[in-house]
Amino acid sequence: MFLSVFGSIFGTRNSRMLKKYERRVRSINALESHYQSLSQEELQSAFHALKQKVQNQEVSLDSVLNDSFAITREASRRIYNKRHHDVQLIGGMVLHDGKIAEMKTGEGKTLVATLAVALNAMVGKSVHVVTVNDYLAQRDAEDLRELYEFLGYSIGYITGSTSEEERLQVYASDIVYGTNNEFGFDYLRDNMKYSLDQKVQRHHYFAIVDEVDSILIDEARTPLIISGPANRKLENYQVANEVAKKLENEKHFTIDEKNRVILLSEEGIQRAEELFGVDNLYNIENASLAHHLDQALKANYLFIKDKDYVLQNNEVVIVDEFTGRLSEGRRFSEGLHQAIEAKENVAIKEESQTLADITFQNYFRLYDKLAGMTGTAQTEAGEFLQIYNLDVVSIPTNIPVQRKDLNDLIYKSEREKFHAVIEKIKELHAKGQPVLVGTASIEKSETLHELLKKERIPHTVLNAKQHTKEAEIIKDAGNKGAVTIATNMAGRGVDIKLTDEIKELGGLYIIGTERHESRRIDNQLRGRSGRQGDPGVSQFYLSLEDNLLRIFGSDKIKGIMEKLGLKDGEHIESSLVTRSVENAQKKVESLHFESRKHLLEYDDVANEQRKAVYRLRNQLLDSEFDISSKIAEDQEVVVSSFLAQQDITPEIHSQNYDLQKLQAHFQESFGAEIEIKDLENLDYQELHTKILETLNENYNAKMSVLEPDQRHEIERIIYLQVLDTTWREHLYMMDNLKTGIGLRGYNQKDPLVEYKKESYNLFLELRNSIKIETIKTLHLIKLQAHQEEANKQALQNLEEEFAPREISERPFGGKIARNEVCPCGSGKKYKQCHGKSGPKKGLLARKTQ
Ligand code: ADP
Ligand code: MG
């Protein structure tokens, strides 16, 4: 009831928006004959003139939209013989308005984007177009290069194999194509660099995200993380794995499949304590054991090989639950990946520590304007609006859709279902009609593969294991007699073209062998057929044994099936059942939405902190920034905090000050002498002033051996170093806090409120530590008087050491050989100084207390 009302409100709102856009389409069409009559040069200079006016700020982008669209359309017609359809103009306007254009597969969204890109790039800032994989980034950029260059723009694309120098160049182009991962990681990497001119990204001005639902919704639960090794104990994983294997389901623990958690029973806790040999598993000192056990249980009883992950060259590789692809390089977080490695008895890779991270949500929120396009956004319209402030506009197809979406067929058992699927494939194959079969997992693809082999039906299996060939295979899925088995979303964005003969045969036939948890993903599968008015059919075959029906399906369906008294091999087909299945999906969708929202609420806290830290970082990189004043300011704060650590505060009477201790700690912290007799009989304020003066004198004396430029450079580098290391340490504590906070939820406190409170405290501490550590380090580092060359060299070394190379592996961004002199200036070898405690507590990352 509610939904239908909502639906119709949406419907009228949508058609109202469309009306407005349609009016504008007529104005653009009216310009067509004029631009058609121009020569190539005239057309180009007309566009150039618009650009000039925009850059001189004589006119707004909006006011040149009609002409810009008309010229882009005409250029495309001349170059590719592809004239943007009217509905594509609407799509372009929707993108320009910072909304999501929902346009079905095959409607030509790649070409739609050119309209908004060409218009918005006039400002002179680069427009980013975001694709789901490298293949599409390259394909689209190369396909469109001629058009963009015709309009006077430079264009480039970024893939995983683009070098750092190339990136600098590409980002300087007017138009940049690349994947969400590349854009996101470049942002994180930029914020680990030591000079502004190494940063590759210029602006976050306008991003158009293709397949926007895949990027902003499906991938939203996995943040981008740059990490390095954390040096924690690896045996614990094995021990926990042994313990987990000895515990019994139902007796020692229960599995909640719906929420993907495992709960230990009282008996289970006792048994685990015995096996670990500890008194109380939930004592603070055993917290890490409890955590390991938790993950080991999940690894053993929730995560299934060949469904959630595969083993490839003795490594555990994640299977993306939405795309069915292998997510190589990605690892489950919080020790789960290691737990699975222990379960599978392969080498356990060191736990890694976060060096920098961001969610896609927060990355894309950096842009002044964001727009998206996809074939399937409507089911998540609420989420797009609530989380990203993105409206969804559904745009009608250029030619009406002819594909027939048949009702679901439901069987009692999976065996019967697959049998029916095979029969159908046989029938289609016999007459030559191509069929694309979607499966929910690699495992199910393999099952089908075996069955088809038995029937001697030639077919291609496209599963996560072969994703490099994905595009080539999908392209051919519409050939005569083709039988293609693919996990549910494989080959998004790849065009399946049909010949007239195939159209005669009824077009591409889609068979879904399971409903996905999200209706959107099912719609993606259907949408592979029936492009641009092509004929086609789609149908889902389900069974009561399917996960979705088993876990979330209402008893209603089972009731109906029982009442009908189905015999073996029989199925039911009714719109009532199809609706029940959809209701189950809606339930799961909202569960997932809640979990994404939850993640985001946590990430928002970190996001504010990240922004503040990156802001400070950018200031430090700016050559105009007056770092000496900043250091002088910090020095005051540092003195107060230093005194407080020695129990010297305004509240304590000066007779009780322990000046000996003060002197010793002063020497230790700042490497400087102070005479006790100079401190006697001073009250707090006087003492504070005296200490500060002494520090300033020492500091200035020490720095006086340097040229102003050199001094500036040393201060800058040390500050950045401390900032980065302290920030990483902070991220690590935030991770722990997040894991730990869940447990506190049991004390009837809202975990999110607690998390916010505590992370704020951590952040205040962070800001203090940065100041303290910087000042201390600057005081402790040794400069050699009157040896400019040596100092210059030392500085250069320092910079080289810290230049972020291979940062995804290395917490300090730079390599320091163990036998080299430690860059902190102690004169000791690195391995005996800051290199001693391993990467985590590395250079300059000393604790302040
Ligand atoms: P989508 O991303 O919407 O699924 P694509 O951008 O992959 O669609 O385009 C599908 C096919 O339609 C491509 O071969 C493309 O070149 C073609 N195409 C798009 N727009 C037009 C047009 N206006 N005229 C002719 N062909 C077009
Ligand atoms: Mg596309």
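Just follow the structure's listing: the first ligand is 1, and inside any ligand the first atom is 1. Note that the structure is predicted; figures quoted are calculated from it, not measured.
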Atom 6 (O) of ligand 1 - nearest protein heavy atom and its distance: Thr110 OG1, 2.7 Å
Does the N or O separation between Gln88 and ligand 1 drop below 3.5 Å for any pair? yes
What about Arg531: any of its N or O atoms under 3.5 Å from an N or O on ligand 1? no
Closest by any non-hydrogen atom to atom 25 (C) of ligand 1: pick that one out of Arg77, Lys82, Arg73. Lys82
To which protein heavy atom is atom 12 (O) of ligand 1 closest, and what is the distance rounded to 0.1 Å? Gly106 O, 4.2 Å
Please list the nearest protein heavy atom to atom 9 (O) of ligand 1 with its residue and the distance rounded to 0.1 Å. Gly108 CA, 3.4 Å
For Asp190, is there an ion pair with Arg167 - N to carboxylate O distance below 4.0 angstrom? no
Tyr171, Tyr177, Tyr157, Tyr205 screened by ring pair (Phe, Tyr, Trp, His ring centres under 6.0 Å) with His128, the one that passes: Tyr171
Assert yes or no for the condition that the ring centre distance of Phe69 to His96 is strictly below 6.0 Å. no
Who's the nearest protein heavy-atom neighbour of atom 14 (O) of ligand 1, and how far? Asp495 OD2, 2.9 Å
For ligand 1, which atoms, with element, lie under 4.0 Å from some heavy atom of Lys104? 3 (O)
Counting non-hydrogen protein atoms only, what is the nearest one to atom 22 (C) of ligand 1? Give residue, atom name and distance. His85 NE2, 3.5 Å
Side chains of Thr439 and Thr487: any donor to acceptor distance under 3.5 Å? no
Answer yes if the side chains of Ser126 and Asp174 hold a donor-acceptor pair under 3.5 Å, and no otherwise. no
Is NZ or CZ of Lys51 both nearer than 6.0 Å to the six-membered ring centre of Tyr153 and within 45° of the ring axis? yes
Where ligand 1 meets Arg83 - atom numbers and elements under 4.0 angstrom, heavy-atom basis: 22 (C), 23 (N)
Could you tell me if the ring centre of Tyr363 sits under 6.0 Å from that of His204? yes
Residue-ligand contact Lys497/ligand 1, heavy atom below 4.0 Å: yes
Check Thr105 against ligand 1 and report side chain, backbone, both or neither, counting heavy atoms closer than 4.0 Å. both
Go through it in stages, so that I can follow the logic: the residues are Glu582 and Glu589, the test is side chain to side chain contact (heavy atoms under 4.5 Å, CB included), and I'd like the CA-CA distance, side-chain angles, deciding distance and then a yes or no. CA-CA 10 Å; Glu582 273 174 13; Glu589 281 166 16; over 6 Å; no
